[in-house]
Every structure is written in C-alpha cells, then in structure tokens.
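Sequence lines set the chain letters: A, B, ... in the order given, protein chains first and strands last, and positions in each chain run from 1.
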Amino acid sequence: MSNVLPDAVRDRAAELTVQLERYNHQYYVLDAPTVPDAEYDRLFRELQMLEADYPALACGSSPTCRIGGAPLPEFETVTHRVPMLSLGNAFSDMQLAGFDARHAELIAFDERISRDLAAASVSYATEPKFDGLAVSLLYHDGVLVQAATRGDGASGENVTANIRTVRSVPLRLAAANVPAVLEVRGEVLMLKRDFERLNDTQRSNGDKPFANPRNAAAGSLRQLDSRITARRRLSFFAYAIARVEGADWPASHDGEMDWLAALGFPVVAPELRPVVQGAAGLAQYYESVLASRAALPFEIDGVVYKVNSRRLQERLGFVSRAPRWAIAHKFPAEEALTTVEAIEEQVGRTGAITPVARLAPVFVGGVTVTNATLHNEDEARRKDVRVGDTVIVRRAGDVIPEVVAVVLDKRPLRPTPGNDLFSDSSEPVYPAYRLPSACPVCGSHIVREEGEAIARCAGGLVCKAQRVQAIQHFAARRMMDIDGLGERYVENLVEFDYVKSVADLYALTLDDLLAMKQRLDAQENAATAESVTQSSVPLVEGGLFAASAPGKALPKSGKVASKWAENLLAAIAASKRPPLARFLFALGIRHVGESTGKTLADWLGTLDNVRRAPRAVLAVLPDIGGVVAESIADFFAEPQNECVIDALLAAGVQPADEHAPRAQLREKLLAANLYARLNVPRLTEVRAQQLAAQQDDLATLAATPRVDVIKLTLPAEVVNALADWLDVAGNRAVLQRIADYCRDILQATPQAEVPPLNGAIAGKTFVLTGTLPTLSREQAKALIEAAGGKVSGSVSKKTHYVVAGAEAGSKLEKALALGVTVLDEVALQQLLGGV
DNA sequence: CTCCCTCGAGTTCT
DNA sequence: CTCGAGGGAG
C-alpha cells in the first residue's frame, strides 16, 4: 500500500473505469455486448487491485462499487428538492367495459385537455406504466451522488449504495457536455427472467420465493446490505427529468427521453413510447400495449399518457400534488379461474357472521389468493356461489379479492344412476348456500334481525371468537395501544384461560406468561410427535394453531421467552392512562367507534359521567340518536361489563378525563330536549316543548299523579299517552334518575372552555385524501380539530375544503366536480397558521 | 317520510 | 375501500 498516487496509476484507473462503464452500458442498457465476459472480468479485477493498492482511487462512482459494500445500520432520510408526484388515474373502473367504453373515456380525457389548452389536437407522449419502485437519481457534474426512494413524495430513503449495484444505472455520464446538476426519475424493477432466476435460487436455498417481481424488487432495494442487492439483478428505466442545471432542458417529453438515452440512461425502446395524436392515438396505443403485455420483459400495470410539449405541460399545471398533464391508464384487473373448496363462516368482533369462500390457491394480480369474502348471506346467494363451483376471481382495483361470478357450465352435477349416456342429471351436487343456524365457534344461535343484512352470533362474550377479538380490539393501536399483543398472543392467552376479559390483561404475571409458554411448547411437541393430521378446531379464521408453525407462535423458551414476557408486561403497564375517548372506543361498545367515543368524552368529560348517563341524555348529544344511545346505556347497565370496568379501574387503568362536561351541555339538557327523547308515544318535538313550558322540572313531573298529568294543556291523546307511559312500572324512576343525573352533572362547574379558535377553520368541514408530503393523516386531522375544524371521511356539498396529497383518488375528483376548494399541505398550513 | 351525509365494521395479503 | 345503517335536515 502506498499513500502516493503515481500519475500512471491514476490514468490507468481512469481508463479502466471508462472502458468498464462502456461495456456495462453496452451490455445492460443497449443489450449488445461487444467484449466477452472474461475480458470484462479481467479489466474489472485489474481495477479492483489498483483500488486496493491505492485507496485514494476509491470513490463512489467506480464500477467496482457495483458489487456492494458494508451493510448500513439504517437508511437515512432525504428530502426531495422537487417532490415526487404520483399520477392521477382519472379512468373509472373499467373492468367490465369493452373497447368502446374505454374509447369514450379517452375521448373525454382528450377533450378536457384540448379544451383547457384551447388546442385543436394535442400530441401525447406515451409509455408503459412500470410496476416497480420509483426512485430519484441525482447527478452532480455527471457523477451519481444520490439515489432516493419515493417515500411519501416529499422525502424518501437514501438508497445510493444499493442503486450503485444496479448495472444499468450509469454511475458516471459518458456524454460530452453533461449538466452540472441533473435529477432523473425512473423506476427500479426486476425483469421477469431475473425474477424467475431469483426465485429458483430462493427455492433451492430453502428460502421463501417472492410473490411477484415487484415485491422482489422492493425487497432487494430495501436491503441494508448492498452486497445482497448486487446479487439480485435489478433493472432501471428512466422516465422523467426533475431538475437540470447547466444544460438545456429539452422542450418535449420525447426530447427528454432521447436526451436521457444519449446520456447513457436506460429508457424504454422508442417503439414502446410513441408520440401520438388525440384520443384515437391514445386508444390505439393502449390496445397495442395491452395486447403485447405478456411478451414484455417486465411487468406493467397500465400505460401513461403525458402531454408532450413542456410548454403546454406548464400551462396545465397541477391539481394539488398531481400533474394535470399526465395520467395513468391502468389495465383492467387481472382475472383468474379457481374453484371453491369450501364456504366457511367467520365470526367478527361484534358477532357478525361473514361467509368466506375458501379457494384453491390462485395467482392473480401479483399475489396468491386463497380467500374471498362473500360479505353476507344475501350476497352469497345472489352470486349463487356453491362448494365445488368454478369462479372468476379478481383483485379489484385496490387489493381485496372478490368473486366476480360463477361459471355455471362448470358446476358439478349429480350423476344419474344407471344411465351411461347422460351420466349427469341437471341437479347440482351442492345446494345453494345457506347460513348455518348455530355459530361455528361457540354453537350459540345465529340471529338475523328483520331487515338487516348481517347475521350475528348471539353468544356475545361467551363466544371465544368474539372474546379474542374484543381483546385484540382493546389492545389495538388506535385504542389502548398495547405493543406486542398481536393476534396470536391474544388467541393463546384466551385459549389457556389466562385472559377472560380485558381486565385480566392487567392481572397477568411473568409466571403466567412463562407457564403458558411451557404449555404451548408441550402441546407443540406432542403435536409434532404424533404428526397425525391433527385438525384443531378452527376458532377464528385460519384456526387457532393452524398459523402457529412450530417455534413461531411464541419465542423459544429461556431468556428470549422471559424477555418477551417482560416486554409485554411493560407494554400493558404503559397503557394505563389512555385518553377517555380512546378508552371508550376500546371497550368495543356497539356503534361506538373513534368518533362517537370522542363525542362522549368531549361532552361528558369523565368516565363516570358517561357510565351513569341515562339513555335520554346520551341521545341529546350530537350524532347520537336512539339506537346508539340505547346501545351505550345497555352496555354500561350490563353487570358483566360493569364488573370488567370496575376491575380495570381497580387494576389502575385510569382514563384521563378530558375536562368537566362541556358548557354547551346546559343547552342540550333542557327539559324539552329530554322529554322528546323519552320514547313516549305521540310526544313529538313540538309537544315536548309545550310540555316543558308547563313543567320544566323532570323530577316534579315524575312525582305528578295521573289525575294531574291529564290536566296539562296538551291534546288529549298526548296527555293520555304521557299518563300511560308514567304508569308503566319503572318509568317514573327513569324520569327521576334523569333529573338527578342532570342536576349532578350541571353542578360540576363547566369551565367556559373556549379554545382560541381559528376563524378560517372553526366550524368548517375538511376531508383529507391522498398522502400529504410531511404531515401524516393523523397529524393533519389533529391540527384541524385543534383549530376547531371537523374532519370527515367523504366529500359532499357540505365539505368546505378538501386537502389533497399524492395519490389522491376519487375524493379529489368529487371535490372538483362539486367545486369544493382543494388545498395542498402548504395551503392548509397557511390556513392553520393565520389565526 | 325521504334523502343525504357520516360513522362503524369488516376485509386480504405481504 | 366498500357497504350498511344511524342520524338529522328538509
């Protein structure tokens, strides 16, 4: 080794670098090697040795970097100077639409663009929509200095070391006049043939094969050890320029692509990215790519149209974070045929029984599908899905597999005895689907209320499935947030009766957990020893232990097990002071979700106030009506639930009171409001007001004898109904109880809590859609609510603002259609800032 | 009583 | 994300 670097060595190294990069480019980008592999290897090793002898030579852009380097502890985050936008997908669901329908939508798109540009005919650049991962490559003076993933669009992960191993990414631009700064956007993907090869390797090594090239590419790019990435044969295609300094930026998209190719970047072949005219050209391109899809060396999930002229692109500009001049046109969801092996029922947290079709595994839309929900009995019967049927399955636009239809021709028919020629009768082997009458888990009755689509197991917490899920719900992140209490652990805890209700979680000891672990081990060993087809009774989906491969369910015994147990106990202990709203949500009261939990906490302030609240009082709160109020009151009146809550409190769980009851509660608790919610026949809103005008004290009315009640100045049928109601046993007590409750709760000094409200936001309704560059959805929601705004989930006429981020979908479209103001994150921040 | 808007609940796979 | 149903306005 030497510290001095002779000029001759430096020159030779530079020469080798240029040669190797040229061969690389010829091999990987142009797909036309000019030298034998052995020659390449010889030069490569020579450069490696020079670099080993003279460390001063080593730099990030040497071809020797392509074999990867030492693993990183983690990826650092880099902020994109120019945000990485995603494309809108303005084409509606066209799964079933034919050529003409697609055509019609293209015409509409083209017309919109032409209209906005006031142009007769628009030139579009086209390209396939790669199914890979978007990355941004930054070059300074022609040298690759940084590569980052898309992340949330505003910032991503620094994957420079990994990208350097991608052979077709130029490390140093060879062209004559390279720009001082160049930021290139493109897609990292795995070619189909490289994917096959990788999976062969995975299989022969006993590793799990990847589901699809996209996953393989993602998994490879996100390796902290770039030497692994180097072995994985990733490819890269450039498709956009984000930034140019020190050179002319081509005036059209196809010009950009040609320039990138000249600079040495791999871009898709010119015949796959023609410039076309108008809707007809787009339609023709779409059809031709769709037809040749299977023959392409890489996976695509659609095509992209871009207004070719950059001048026109600028005129069209952006809608929030998505360009208006580029659009993705996705291919219809892939469909596949498979057979129904069984139809089973799942039991949800609320006891809802959902029929699920168990399918022969079928690869569709990039994953293997084995289950598809049939939603409910009516749906299953409408589609007439039966065991043994051949069905068409697809992964609709998003993710969730769906049974599209049954292929009736293939339905198995019962053979007709003694008739060889016509051996099949027209009678199907399996009857139409019917929901069972007993819960598959606990055997309780299944009840389907009149007019309801959903059938429910009547077992309540007797039903193990419901118990397991109630506990899971309780521990989930948006509720008590008990880390490490995953599905499998909960199932085991319930199965072994360590936990019967959520309160038992707080009584768990280290010994309990370790003992449970031992029993599990014993059971496992027994199972493996027998090795018989032991079919443990399926509890929830997948069966209780079906998913727990040996050693997977819980950590191995010894130190690891006790560490796991300690962590879990710590997480449980840490969950003891949840905000009241989340605690209420966690209890799993029917009809009480995140929002209603917040309403209750907001208006009543303390757990005790919520627990004791009579039905009529609950029903005066916003968005709480008779059904929800009853559900809440019933929940707290149920002795079992009372015990659980008391046990939780005794164990030290202490929901943080929001505050005293809201000052505005006074207005809500007016006698007229309460009278109207007693469910007294004929006592309408108006009559309740008249009644309150004569008797505004509930306690007094409760004590009024019948003879005096009918003297009230109200229509005879109303006073009679009221008198009858009061005569029903217990109703006078109900009235008295409401009166007492109101008196008590109003005594608790309602602070005049008027938080500093933001005029621009208070009382306004917001809808969030897409991914915001820096704020998470939760954060944005919290900020808006803190300023007095409301955040809701769907766009309507009443929505004041839609805050759109990247990948905004139908909500953004709807906002535009309804003329609702669309904000991006910056605009939202301004609104939030300007009080 | 009839819309229309929201909220809750359920769902698949990596 | 989608569906069903509750709440509330008209």
### Query
Between atom CD in E402(A) and atom P in dC13(B), what is the gap in whole Å?
14 Å

### Message
Output the rounded distance in Å from CZ (F474(A)) to P (dA9(B)).
### Response
16 Å

### Query
Counting just side-chain N and O atoms, does T370(A) come under 4.0 Å of either OP1 or OP2 of dC13(B)?
yes

## Note on the structure
Picking from dG6(C), dG10(B), dT14(B), the nucleotide nearest the side-chain atoms of V627(A) would be dG6(C)

### Task
Return the nearest nucleotide to the side chain of A453(A); candidates are dA5(C), dT11(B), dG7(C).
dA5(C)

### Query
Partners of R382(A) by side chain to side chain donor-acceptor pair (under 3.5 Å), sequence neighbours excluded?
E379(A)

### Query
Distance check: side-chain N/O of S595(A) vs OP1/OP2 of dT6(B), anything under 4.0 Å?
no

### Task
Please state how far atom CG in N215(A) lies from atom C1' in dT14(B), giving the value in whole angstrom units.
7 Å

### Check ion pair R222(A)-E157(A) (N to O, under 4.0 angstrom)
yes

### Message
I want to confirm an ordering. Mapping R349(A) and V369(A) to their closest nucleotides on DNA chain B, which one lands closer to the 5' end?
### Response
R349(A)

### Summary
Residue set satisfying side chain to side chain donor-acceptor pair (under 3.5 Å) with D378(A), at least two apart, ordered chain then number -> R448(A)

### Message
Can you identify which nucleotide, out of dG10(B), dT11(B), dC13(B), has its nearest atom closest to the T350(A) side chain?
### Response
dG10(B)

#### Entry: Whole-Å gap separating P (dG4(C)) and CG (D378(A))
9 Å

#### Entry: side chain to side chain donor-acceptor pair (under 3.5 Å) partners of R677(A), counting only residues at least two apart
none

## Note on the structure
Among the nucleotides dA9(B), dC13(B), dT12(B), whichever has the atom closest to the side chain of T373(A) is dT12(B)

### Query
At their closest point, which heavy atom of V347(A) faces which heavy atom of C463(A), and how far apart are they?
CG1-SG, 4.3 Å

### Task
Could you grab the distance from atom CZ of R233(A) to atom CG of L191(A), nearest 0.5 Å is fine?
10.5 Å

#### Entry: Set of side chain to side chain donor-acceptor pair (under 3.5 Å) partners for E299(A), sequence neighbours left out
none

### Query
Please give, in whole Å, the distance from dG10(B) P to L374(A) CG?
16 Å

### Task
Check every atom of dG10(B), dG4(C), dG6(C) against the side chain of N376(A) and return the nucleotide holding the closest atom.
dG4(C)

Every protein N/O lying under 3.5 Å from an N/O of nucleotides 8-10 of chain C:
from   : atom 1 : to      : atom 2 : distance (Å)
dG8(C) : OP1    : D623(A) : N      : 2.7

### Task
Rounded off to whole Å, could you give me the CZ-to-P distance for the R590(A) and dG6(C) pair?
9 Å

#### Entry: Partner residues of V644(A) under the side-chain contact (heavy atoms from CB on, under 4.5 Å) criterion, sequence neighbours left out
S501(A), V502(A), A503(A), L648(A)

### Message
Is T368(A) close enough to dC13(B) that one of its side-chain N or O atoms is under 4.0 Å from OP1 or OP2 there?
### Response
no

### Summary
Per atom distances to the V367(A) side chain, the nearest of dG6(C), dG10(B), dC13(B) is dC13(B)

### Message
It should be established whether T596(A) places a side-chain nitrogen or oxygen under 4.0 Å from OP1 or OP2 of nucleotide dG8(B).
### Response
yes

### Query
So does N371(A) get a side-chain nitrogen or oxygen closer than 4.0 Å to the phosphate oxygens (OP1/OP2) of dC13(B)?
yes

### Query
Roughly, in whole Å, what's the span from CZ in R582(A) to P in dG8(B)?
15 Å

### Query
Nearest-Å distance, CZ (R222(A)) to P (dT14(B))?
18 Å

